[in-house]
J.: 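The following block contains the structure, expressed as structure tokens.
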Amino acid sequence: MKKLWLIGFVLCLALSVSGQPREALTRLVGTECLKNAAVGVSVKQVEDGIVVAEYNPQMALAPASVTKLLSTAFALKEKGKDFQYKTKIFYTGAIRNGILEGDILIEPVGDPCLESSYFKEYKFVEPLVKAIRQAGIRSVKGNIRVEMPVNREEYIPGTWVWEDISNYYGACYLPFNYRDNLYTLELRSGAAGTKTQVVRVVPKVPGMTFRNEVRASEKGKPDAWIYGGPYSNVQYIRGIMPQNRTSFKLKGAMHDPARCFVQELTDRLAISGIKVGHEKLKDGDKSELSVFTSPKLEEIVFHTNKASVNLFAEALGRLALGGRPLQEGMYELLQEVGIDTGGVTLKDACGLSPLNGVPAQVFTDLLIWADGHLGTAFIRSLPVAGTDGGLNGYYGNRAVLKNNLRAKTGSFSGVRCLSGYITTASGKHLAFTILINYYTCSSVELQQAVGLFLEELAKS
């Protein structure tokens with residue numbers, strides 16, 4: 001009995017809330033599967049920053065993909081919603097009788113949208129083939145070159161785990177990005193227990209060998225992953241897939257997108273009757289051939305948060321930082337908008353690193369600032385309950401949350417996080433953050449518990 005009273009007393013001290021939100025938060029943190037978990041909650045009124053509810057708001061916790069709120073918000077702050085990347089394409093040497101006595105040269109600027117599946121109307125390869133033909137080029141004596149920086153830095157964060165870096169969500173940012181830095185492996189399975197077959201790889205990944213160890217299984221759900229270092233020429237495919245499938249697709253991270261692009265452009269040019277000779281030539285005069293302009297930053301931010309695209313978030317983090325180191329740069333940006341940086345540790349800009357640590361109140365304060373300074377360019381990028389599937393586990397057909405809950409989710413093993421906005425029945429506009437690490441129940445049970453808390457907030 002004394003133990004129960006003590007727990008209740010500690011909760012009362014920890015909860016700076018009143019009324020309905022207080023009771024709802026008490027129920028949430030008292031959930032059985034959170035008994036040994038690390039939990040941080042921060043709920044504030046957007047209009048005046050008054051605390052509505054909080055629990056360990058200053059505790060640094062792994063935020064997973066909620067980290068993307070930082071990179072997207074600060075990219076908009078630093079560059080504005082109408083910013084566009086501009087990738088320039090040149091040719092060197094001279095064009096004589098339809099023969100380019102030089103190279104096709106691409107100067108990358110970090111645009112993550114070249115031939116991206118998220119922007120199907122923004123093509124890169126076909127317009128480039130057209131520009132080459134319009135320039136009167138019928139043969140390229142030299143090569144197709146992507147001018148990567150001479151002093152290449154390490155672009156894959158050192159704290160990303162080996163299990164992630166070769167799979168689609170581990171596609172890292174580079175100065176030149178192409179097709180979302182992804183390729184697709186198509187596999188075919190036979191009877192249970194037999195080895196599957198790799199049917200095709202799209203696009204081609206030059207120089208890469210795939211060791212396929214995936215076997216067919218009686219289980220109805222696939223569980224297959226790609227393993228391999230980013231600078232290795234061998235990637236291993238391991239796991240299971242349902243038996244007797246004519247086609248199963250697995251997406252992998254393209255670690256050398258420039259090489260894949262050069263191969264694909266070379267093939268496309270050949271189809272158009274333009275041969276690339278691959279001769280080594282001295283650089284001649286450089287002439288501009290074409291400029292590829294990306295979608296506006298507002299649209300890139302939209303897909304970054306809606307679809308939780310790690311590649312885009314890393315690119316926008318770099319864009320916001322303007323060459324500054326990640327930790328130092330994010331500190332400066334947070335301080336510029338009046339947000340306390342205590343407890344903030346950042347190892348990447350997308351949230352894939354398990355060593356990121358951010359207090360809940362940092363995200364809540366960021367949301368309050370963004371509401372007043374970034375407007376719809378930022379807010380429309382957040383998933384909406386009842387519309388976007390990523391919130392379904394929290395929404396659960398709770399009518400009061402439909403189209404009223406806007407939030408960015410974040411998750412990996414043992415971590416579930418959520419940060420966004422809710423408008424209450426009494427008309428208050430709230431910014432909230434819930435960070436949960438090391439829970440012990442199923443993710444479905446946890447999402448239901450968080451959903452009940454959000455429902456009570458909305459009803460208050």
Side-chain angles (χ1 to χ4, degrees), residues 63-87 108-124 155-157 160 164-165 167-183 251-255 257-258 260-261 292-322 326 329-330 333 346-353 356 363 366 370 374 377-383 388-390 407-412 419-420:
S65 281
V66 169
T67 305
K68 293 179 175 68
L69 295 180
L70 293 167
S71 51
T72 52
F74 287 134
L76 286 169
K77 172 187 178 293
E78 294 298 293
K79 295 296 183 179
K81 65 185 180 67
D82 294 325
F83 169 84
Q84 293 173 286
Y85 293 93
K86 293 187 183 297
T87 302
V109 292
D111 183 356
C113 304
L114 301 177
E115 208 74 32
S116 170
S117 63
Y118 295 97
F119 300 99
K120 295 185 185 300
E121 69 278 21
Y122 285 87
K123 297 298 183 183
F124 183 53
Y155 291 101
I156 299 179
W160 284 13
D164 292 338
I165 58 176
N167 292 285
Y168 70 95
Y169 55 89
C172 72
Y173 162 86
L174 292 161
F176 181 83
N177 307 286
Y178 177 67
R179 288 190 177 275
D180 303 317
N181 293 356
L182 300 178
Y183 63 86
K251 290 184 178 180
M254 189 190 291
H255 294 137
C260 293
F261 160 75
F292 180 87
T293 302
S294 77
K296 290 184 177 181
L297 180 57
E298 178 179 4
E299 297 308 312
I300 302 174
V301 166
F302 177 86
H303 289 288
T304 303
N305 284 330
K306 285 281 189 181
S308 204
V309 185
N310 290 333
L311 169 64
F312 287 6
E314 288 296 308
L316 297 186
R318 297 286 182 126
L319 186 66
L321 294 169
L326 178 67
M330 281 296 180
L333 289 168
L346 290 171
K347 301 297 183 180
D348 65 24
C350 70
L352 190 57
S353 173
N356 289 328
F363 292 113
L366 178 72
L374 302 178
F378 176 76
I379 293 170
R380 68 185 283 265
S381 73
L382 301 181
D388 298 299
K408 179 74 193 78
T409 60
S411 63
F412 47 71
S419 185

J.: For D388, give me all partners under salt bridge (charged side-chain N to carboxylate O under 4.0 Å, His left out), at least two apart in sequence or on another chain.
T.: K306
J.: Going by the rule ring pair (Phe, Tyr, Trp, His ring centres under 6.0 Å), which residues pair with F292 if we only count those two or more places apart in sequence or in a different chain?
T.: F124
J.: Check A73 against L374 and note the closest heavy-atom contact, atom names and distance.
T.: O-CD1, 3.6 Å
J.: Counting neighbours of NZ on K251 that are heavy atoms of other residues, nucleotides or ligands and sit closer than 6.0 Å, is the number greater than 12?
T.: no
J.: Tell me, do L333 and L321 make a side-chain contact under 4.5 Å, heavy atoms counted?
T.: yes
J.: Is a donor on one side and an acceptor on the other found under 3.5 Å between the side chain of T67 and the backbone of P63?
T.: no
J.: I'd like to check P295 versus C113 (side-chain heavy atoms, cut-off strictly below 4.5 Å). Are they in contact?
T.: yes
J.: Closer than 3.5 angstrom, by distance alone: can the side chain of N310 be matched with the main-chain N or O of Y169 as a donor-acceptor pair?
T.: yes
J.: Work out which heavy atom in A313 is nearest to a heavy atom in K68; give both atom names and the distance.
T.: CB-CG, 3.7 Å
J.: Going by the rule ring pair (Phe, Tyr, Trp, His ring centres under 6.0 Å), which residues pair with Y85 if we only count those two or more places apart in sequence or in a different chain?
T.: F83
J.: Are the side chains of L316 and L297 in touch, meaning some heavy atoms are under 4.5 Å apart?
T.: yes
J.: In the structure I gave you, are the side-chain heavy atoms of L69 and F378 within less than 4.5 Å of one another anywhere?
T.: yes
J.: Looking only at heavy atoms, which two atoms of I156 and C172 are closest? And how far apart?
T.: CG1-SG, 3.5 Å
J.: Only counting residues at least two apart or in another chain, list the ones meeting side-chain hydrogen bond (donor to acceptor under 3.5 Å, both in side chains) with E298.
T.: none
J.: Only counting residues at least two apart or in another chain, list the ones meeting salt bridge (charged side-chain N to carboxylate O under 4.0 Å, His left out) with K347.
T.: none
J.: Taking only residues two or more places apart in sequence or in another chain, which ones pass side-chain contact (heavy atoms from CB on, under 4.5 Å) with T409?
T.: L391, Y394, L418
J.: Test of understanding: with side-chain hydrogen bond (donor to acceptor under 3.5 Å, both in side chains), list the residues that count as partners of D348, not counting sequence neighbours.
T.: W160, N356
J.: Locate the shortest heavy-atom distance separating L182 from A171; write the atom from each residue and the value.
T.: CD2-CB, 3.8 Å
J.: Any side-chain heavy-atom pair from L70 and L346 closer than 4.5 angstrom?
T.: yes
J.: Test of understanding: with ring pair (Phe, Tyr, Trp, His ring centres under 6.0 Å), list the residues that count as partners of Y118, not counting sequence neighbours.
T.: H303, F312
J.: So, does D164 use its side chain to make a donor-acceptor pair with the main chain of G170 at under 3.5 Å?
T.: no
J.: Taking all non-hydrogen atoms of both residues, which atom of A315 and which atom of G110 are closest, and how far apart?
T.: CB-O, 4.1 Å
J.: Among all residues two or more places apart in sequence or in another chain, which pass the side-chain hydrogen bond (donor to acceptor under 3.5 Å, both in side chains) test with K408?
T.: S308
J.: Classify the ring geometry between Y178 and F176 as parallel (under 30°), tilted (30 to 60°) or perpendicular (over 60°).
T.: parallel
J.: Going by ring pair (Phe, Tyr, Trp, His ring centres under 6.0 Å), name the residues that satisfy it together with F74, two or more places apart in sequence or in a different chain.
T.: none
J.: Rounded to the nearest 0.5 Å, how far apart are CE of M330 and OG of S71?
T.: 5.5 Å
J.: Any sub-3.5 Å donor-acceptor pair from N305's side-chain atoms to F302's backbone N or O?
T.: no
J.: Could you work out, with salt bridge (charged side-chain N to carboxylate O under 4.0 Å, His left out) as the rule, every residue matching E115, not counting sequence neighbours?
T.: none
J.: Restricting to salt bridge (charged side-chain N to carboxylate O under 4.0 Å, His left out), what partner residues turn up for K296, sequence neighbours left out?
T.: D82
